[in-house]
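These notes concern the structure reproduced below.
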Protein chains: 2
Amino acid sequence: MGEKKRITIKDIANVLKISPAAVSKALHDDSRISAKTKAAVKRVAKELNYQPNHLASALRKGKSNLVGVIVPKTNSNFFSSVVENMESVLNKAGYNIIITQSNESFEKECRNIDTLLYTQVDGIIASMANETVDLSHYEKIKSKGIPLILFDRGENDLNVDYIGIDDYQSSHMIVEHLISKGCKRIAHIGGFRRTRIYNNRIRGYIDAIHEHHLPQDDVLLIESNLDLEDGRIKMKELLALDHPPDAVYVASDYAALGALQVLNEQHIKVPEDICLVGFGNEPFTSLVSPTITTVSQHSKQIGKIAAETFLKRINTKNWKPKLDKNILKSELIVRDSSNRDLSIKSS
Amino acid sequence: MGEKKRITIKDIANVLKISPAAVSKALHDDSRISAKTKAAVKRVAKELNYQPNHLASALRKGKSNLVGVIVPKTNSNFFSSVVENMESVLNKAGYNIIITQSNESFEKECRNIDTLLYTQVDGIIASMANETVDLSHYEKIKSKGIPLILFDRGENDLNVDYIGIDDYQSSHMIVEHLISKGCKRIAHIGGFRRTRIYNNRIRGYIDAIHEHHLPQDDVLLIESNLDLEDGRIKMKELLALDHPPDAVYVASDYAALGALQVLNEQHIKVPEDICLVGFGNEPFTSLVSPTITTVSQHSKQIGKIAAETFLKRINTKNWKPKLDKNILKSELIVRDSSNRDLSIKSS
DNA sequence: TTGTTTTGCTTAAACGTTTAAGCAAACTTT
DNA sequence: AAAGTTTGCTTAAACGTTTAAGCAAAACAA
């Protein structure tokens with residue numbers, strides 16, 4: 001039971017009375033090895049239950065075939081779906097992934113990057129924590145010369161490949177949807193402006209309001225950390241206004257759910273009295289009552305494209321400075337919370 | 001911009017005109033290196049921005065300081081919380097984790113194990129896919145001589161450390177809770193008996209029913225795959241009975257939510273007409289209306305203990321065959337769906 | 001003084017692969 | 001038959017680290 005001896009290519013070589021180099025080449029189907037020897041090597045390898053030592057080959061070849069992934073939270077449908085699709089593309093190309101989570105903490109994100117670099121990953125695919133403003137640790141990755149690809153939460157200052165949805169356009173689309181449903185006073189519970197994606201959503205909201213000649217009222221535009229509890233708080237603020245809105249567009253499904261709870265508790269009819277739209281297409285949006293209109297971020301696409309971009313970078317030796325900025329179109333998923341029948345509009 | 005030369009201990013050695021071995025020892029605070037040399041080495045290491053090559057040291061030392069983790073789905077609150085706590089314990093001990101997901105597929109689980117072994121992980125912490133019945137690939141881990149720790153979804157046949165909650169006792173507790181609320185005809189939408197944890201929940205249900213001298217009616221015990229849709233289907237079956245139940249205990253929150261949707265749609269009052277209890281304490285159970293009574297599985301504890309068990313195994317050279325079977329007590333979280341006021345019981 | 005211990009380093013081998021270079025034998029061409 | 005090419009392997013070095021063993025010099029003991 002004690003020491004299980006590792007089987008190495010040397011052991012295979014000894015059995016067949018050939019050199020370890022020949023074994024290595026046979027296992028890699030080198031053209032300079034005879035078919036007979038290849039067959040013999042593979043047979044013995046199987047017999048001895050040989051498992052290649054990844055560390056040794058990675059060390060020798062100077063690449064680990066590992067890709068580091070950093071997400072704010074695995075526990076979100078969006079990110080877990082992104083990762084799943086990333087993984088399937090990368091696995092097919094012979095890469096494995098190491099997933100780390102930053103928990104939206106800048107500190108943790110820095111440590112994750114150090115960990116990944118230390119583990120000698122061949123590249124990093126990341127979505128930035130909300131807290132992150134200092135980009136020096138990301139520069140560290142670039143200075144190492146390994147590919148860095150950002151998705152969803154990116155930064156334009158950092159000159160790297162990026163995959164995400166068009167937040168500006170999504171926001172614009174949501175506002176137009178609400179206008180089409182007869183809403184005239186549309187509020188936005190948004191994220192903090194310093195985060196690029198939330199800033200874009202705010203801009204999309206404002207521009208759409210202007211384009212359709214609706215009055216822009218500053219009290220209708222609120223910044224929030226977008227968690228469920230804050231959604232509740234901000235919704236209550238909106239309801240306490242002298243002139244409350246007839247539609248609320250919330251930049252995250254979680255906060256939208258909080259808002260919906262408040263509306264339900266106060267017996268305000270959704271969508272008849274107030275229309276509600278969330279963002280992200282979290283599964284629960286189709287489970288609550290009424291179901292919440294939201295925006296799908298194409299997590300599968302994002303994961304797939306991020307992985308493919310990494311592979312492209314790795315496989316093109318001449319590091320072209322031209323960057324991939326992949327902006328996907330999002331999809332509006334209309335559900336009950338905004339699906340107002342125009343003929344029986346109340347008040 | 002082209003080739004960034006890697007800094008190695010040799011470079012540091014050259015600068016200081018000492019041997020690489022001395023540098024290595026200095027960096028590890030070996031007692032046989034003078035304080036002066038140590039300081040100089042560390043200074044130069046910082047100046048050159050030296051990053052140790054993990055692959056090389058792992059190869060030489062025969063350990064990678066990586067722990068493989070296999071979960072059915074990262075996208076569940078339970079598993080992501082387990083992993084988060086596991087990670088924090090392991091990071092402190094100098095280990096990093098590689099997360100893989102089986103998506104409940106036996107196939108994928110096998111490939112995950114191969115991947116992890118190939119990556120030379122020092123141990124594997126896993127929760128088995130529902131599909132898994134053949135355990136030979138887990139035996140492969142054991143035969144490699146590296147620690148294997150199972151959590152939540154384990155198997156008694158496999159002689160390994162295990163951390164989970166006491167499903168039997170949890171089930172028992174739920175039934176007693178429902179009885180205390182005046183329920184007399186308690187149904188159970190359970191998982192498949194071949195999965196150990198679901199079998200235990202079924203046993204706990206049956207035994208509690210018997211102990212309290214309630215009639216055990218076979219039509220009230222249903223096996224299900226426990227997803228939301230099947231929860232709906234099974235709930236409808238129960239409602240179609242000649243003599244429907246006055247309480248339903250569902251072995252998963254997702255299926256419980258499906259059941260709740262059906263009850264709401266059919267305007268059956270919960271908890272007044274039927275009490276409902278789920279399992280797992282998924283976040284949405286506190287978000288829907290009415291909120292769902294459920295059981296918390298102590299994901300934090302499980303993650304922490306699993307990690308600590310791994311460290312114990314790694315650090316005790318003399319592989320003691322005595323196994324850790326850590327069975328935690330679960331916690332009943334009583335919410336509206338079962339919180340019936342006994343004085344105004346209907347019918 | 002001489003012998004012993006401690007200190008502070010060096011040398012060299014090892015971890016398991018990969019791969020450039022080399023070389024004999026077999027085959028092909030002229 | 002001589003020269004060249006191809007085939008099929010071997011040798012040896014390398015990847016960057018760790019570590020056992022060795023050895024001078026310094027410090028200490030008698």
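Not measured: the values here are computed from a predicted model. Note on naming: letters A, B, ... go to the chains in the order of the sequence lines (proteins, then strands), and numbering restarts at 1 for each one.
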- In whole angstroms, how far is the P atom of dT17(D) from the CD1 atom of Ile12(B)? 8 Å
- Message: Could you tell me how far apart Lys63(B) (NZ) and dA14(C) (C1') are, to the nearest whole angstrom?
- Response: 18 Å
- Message: Rounding to an integer number of Å, can you tell me how far Leu59(A) CG sits from dG16(C) P?
- Response: 12 Å
- Message: Students often get this wrong, so: under 4.0 angstrom with heavy atoms, is Ile18(B) touching a base, only sugar-phosphate, or nothing?
- Response: sugar-phosphate
- Message: Measure CG/Leu48(A) against C1'/dG16(C) and give the value in whole Å, please.
- Response: 16 Å
- Message: Regarding Ser57(B), tell me which of base, sugar-phosphate or nothing describes its non-hydrogen contacts under 4.0 Å with the strands shown.
- Response: sugar-phosphate
- Item | Any Ser34(B) side-chain N or O less than 4.0 Å from OP1/OP2 of dG8(C) | no
- Neighbour count >12 (heavy atoms, 6.0 Å) for atom NZ, Lys10(A): no
- Query: Could you state the NZ-P distance from Lys25(B) to dG22(D), rounded to the nearest angstrom?
  - Reply: 13 Å
- Message: Counting the atoms with a prime plus P, OP1 and OP2 as sugar-phosphate, which does His28(A) contact under 4.0 Å by heavy atoms, base, sugar-phosphate, or nothing?
- Response: sugar-phosphate
- Leu16(B) atom CG is separated from dC9(C) atom P, nearest whole Å, by 11 Å
- On a plain distance test, is the side chain of Lys10(B) in donor-acceptor contact with the base of dT17(D) below 3.5 Å? no
- Query: If you find the nucleotide of DNA chain C closest to Ala56(B) and the one closest to Val23(B), which residue's nucleotide is nearer the 5' end?
  - Reply: Val23(B)
- Under 3.5 Å, is there an N or O donor on one side and an acceptor on the other linking the side chain of Arg60(B) and the base of dT17(D)? no
- Are Thr37(B) and dG8(C) close enough that a side-chain N or O sits under 4.0 Å from OP1 or OP2? no
- Message: Measuring to OP1 and OP2 of dT17(C), would you say a side-chain N or O of Tyr50(A) lies under 4.0 angstrom away?
- Response: yes
- Query: How many Å lie between NZ on Lys17(B) and P on dT11(C), as a whole number?
  - Reply: 14 Å
- Query: Which one, dT17(C), dT10(C), dT17(D), comes nearest to the side chain of Asn53(B)?
  - Reply: dT17(D)
- Task: Return the value, rounded to whole Å, for the distance between atom CG of Leu55(B) and atom C1' of dT18(D).
- Result: 15 Å
- Quick note, Arg32(B) side chain, CB onward, closest among dT10(C), dG22(D), dT18(C) is dG22(D)
- Would one find a side-chain N or O of Ser19(B) under 4.0 angstrom from OP1 or OP2 of dT10(C)? yes
